[in-house]
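A quick note: this is a predicted structure, and the numbers were derived from the prediction, not measured. Lettering follows sequence order; numbering is per chain, from 1.
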Protein chains: 2
Amino acid sequence: MITLTEENYIKAIYHLSKHGKEMVSTNALAEAMRTKASSATDMVKKLAEKNYVDYKKYQGAILTESGSTIAINVIRKHRLWEVFLVDKLHFSWDEVHELAEQLEHIKSQKLIDKLDAFLGHPTHDPHGDPIPDKHGDFTFIDKIMLAQAQVNETYNCVGVNDSSSKFLQYLNNNKIELGTKIEVLHKEAFDSSIKIKVNGLEMVVSNSVAQNLYIQKV
Amino acid sequence: MITLTEENYIKAIYHLSKHGKEMVSTNALAEAMRTKASSATDMVKKLAEKNYVDYKKYQGAILTESGSTIAINVIRKHRLWEVFLVDKLHFSWDEVHELAEQLEHIKSQKLIDKLDAFLGHPTHDPHGDPIPDKHGDFTFIDKIMLAQAQVNETYNCVGVNDSSSKFLQYLNNNKIELGTKIEVLHKEAFDSSIKIKVNGLEMVVSNSVAQNLYIQKV
DNA sequence: ATATATTTTTAGTCTGTTCTAAAAATATAT
DNA sequence: ATATATTTTTAGAACAGACTAAAAATATAT
């Protein structure tokens, strides 16, 4: 039986390794888990014993097939619960992450299947991240960062890179959400800021915003 | 911060003390928690330190005001989740208990408030047990056991005493659910079995069934 | 009331997860 | 390439929650 803590470490390793197949260092893992490197070492050894990661001393850890399956399943649960919280309970997209962190650990395949059906088999969560299906397959959206947009083109907002409350609240305040149309008017060479038109209103967004908003040509 | 285990012990004490204000013995608590008496002693001491119970050596434990509030809140969450699982995800009433045991520990007042609203502020769970409102108040139904019914009267099924899967599945098999009309035809003095008419069909239920089904005169 | 049985507590150990401090390995800089 | 800095591991301890075995308190039976 896998513990809650093990599940969280596996999820962190998955995210740090960028979709599964890159070595993750002990320090990076410790930082992600808000713990100390020594604790991360201990856990990584345990995960290696249980065959969820391959681990070589001083080299880092990488998920095995079975570790990957667990990670993807937790992510599936996390994102389905986020959809539930936003679509059904009317939470805003900046509130749901922490709650989903708790809900993702509920153990029941049947619950997740039924929740998935209840939500209409969504393919993306409220931040535009893909929801793996029950076989672990993702539907990736062909997206670019706003920073890479072309002037005089119109795009659809399809996701965020940074899904921190602060960034999402910034977007809320500026009435930008998934599906919002964004027309790119001008790219300022000096500071890489971008002038856009949203909901009929012109505004300028900084480069840090442009680096964290995903768009797709309409 | 209260741990998951503490919360479960507090809930067990609440149930064993029959709605809060009766001493609970260490052995009874240990049995309910499927653990050993020594573990129950340890936990009860810890709960006493945190002021969730009053505890006297060799006398047992009883919930304080603050312990009681916690217990009722966990029960509220448990029963709301059960309603969600049955009404929205279409689980059957014999499947939801274990899942609700997990979901009841999700920490978020806002989530529970929104879930409550989403479900239409239900007053009873799928087994007929009352759901405390956000102030901790219950709406008790004026119910009797089927064993106490009068012959030639018609009743409404309003709850169960035993909510084990086996009993609930027995009721499922016999098409008895909350709201089902039950006409009492005959009480057998010999074995206390009862002949009833349900959905137009006559059947005989044993005394153990009659002791576990709550009804209300229509 | 004394002996016996039962319940409850204590003492000491185990496991899981964390920590600190120090040692070992690796990486970086001149 | 040697010294220095950084990263990673080890060793040892802490805490929560469980266990076993034995001791202490309470209850029951004659």
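- A:Thr26 has a side-chain polar atom (N or O) that falls below the 4.0 Å cut-off from OP1 or OP2 of D:dT9.
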Which string of ( ) [ ] | and . matches DNA chain C, if you list each base 5' to 3' and count Watson-Crick or G-U pairs only when both distances are under 3.5 Å? ||||||||||||||||||||||||||||||

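- No hydrogens or angles considered: a donor-acceptor pair under 3.5 Å links the side chains of A:Asn8 and A:His105.
- Between the NZ atom of B:Lys45 and the C1' atom of D:dC15 there is a distance of 16 Å, rounded to whole Å.
- A donor and an acceptor atom, one from each side chain of A:Asn27 and A:Ser25, are nowhere located under 3.5 Å apart.
- Between the side chains of A:Trp93 and A:Asn172, at least one donor N or O lies within less than 3.5 Å of an accepting N or O.
- One can place CD of B:Glu6 at 12 Å from C1' of D:dC15, the figure rounded to the nearest angstrom.
- In this structure, A:Phe118 and B:Phe84 have perpendicular ring planes: the angle between them is above 60°, well past the 30° mark.
- Nearest heavy atom pair, residue A:Leu80 against residue A:Leu119, reads O-CD1, 3.3 Å.
- Atom CG in A:Leu4 sits roughly 21 Å away from atom P in C:dT15 (whole-Å rounding).
- Residues B:Asp94 and B:Ser163 have side chains not in contact (no heavy-atom distance under 4.5 Å, counting atoms from C-beta outward).
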Might you work through the side chain to side chain contact (heavy atoms under 4.5 Å, CB included) test for B:Thr64 and B:Asp54, ending with a clear yes or no? CA-CA 6 Å; B:Thr64 61; B:Asp54 290 328; 3.6 Å; yes

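- Rounding to whole angstrom units, CE of residue B:Met23 and C1' of C:dT8 are separated by 14 Å.
- The neighbour count for A:Glu31 CD, taken as heavy atoms of other residues, nucleotides or ligands under 6.0 Å away, does not exceed 12.
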Identify the pairs formed between an N or O of the protein and an N or O of nucleotides 24-28 of chain D at a distance under 3.5 Å, and give each distance.
| unit_1 | atom_1 | unit_2 | atom_2 | d |
| --- | --- | --- | --- | --- |
| D:dA25 | O4' | B:Tyr58 | OH | 3.3 |

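- Taking atom OH of A:Tyr9 as the reference point, atom C1' of C:dG16 lies 11 Å away to the nearest angstrom.
- Heavy-atom distances under 4.0 Å link DNA chain C to A:Thr35, A:Lys36, A:Ser38, A:Ser39, A:Asp42 of residues 29-42 of chain A, given in residue order.
- With rounding to the nearest 0.5 angstrom, the NE2 atom of A:His19 is 5.0 Å from the CZ atom of A:Phe140.
- Salt-bridge annotation for A:Lys114 and B:Glu95: absent, with no side-chain N of the basic residue lying under 4.0 Å from a carboxylate O of the acidic one.
- Counting non-hydrogen atoms of other residues, nucleotides and ligands closer than 6.0 Å to CG of B:Asp191 gives a total above 12.
- Neither OP1 nor OP2 of C:dT8 sits under 4.0 Å from any side-chain N or O of B:Tyr55.
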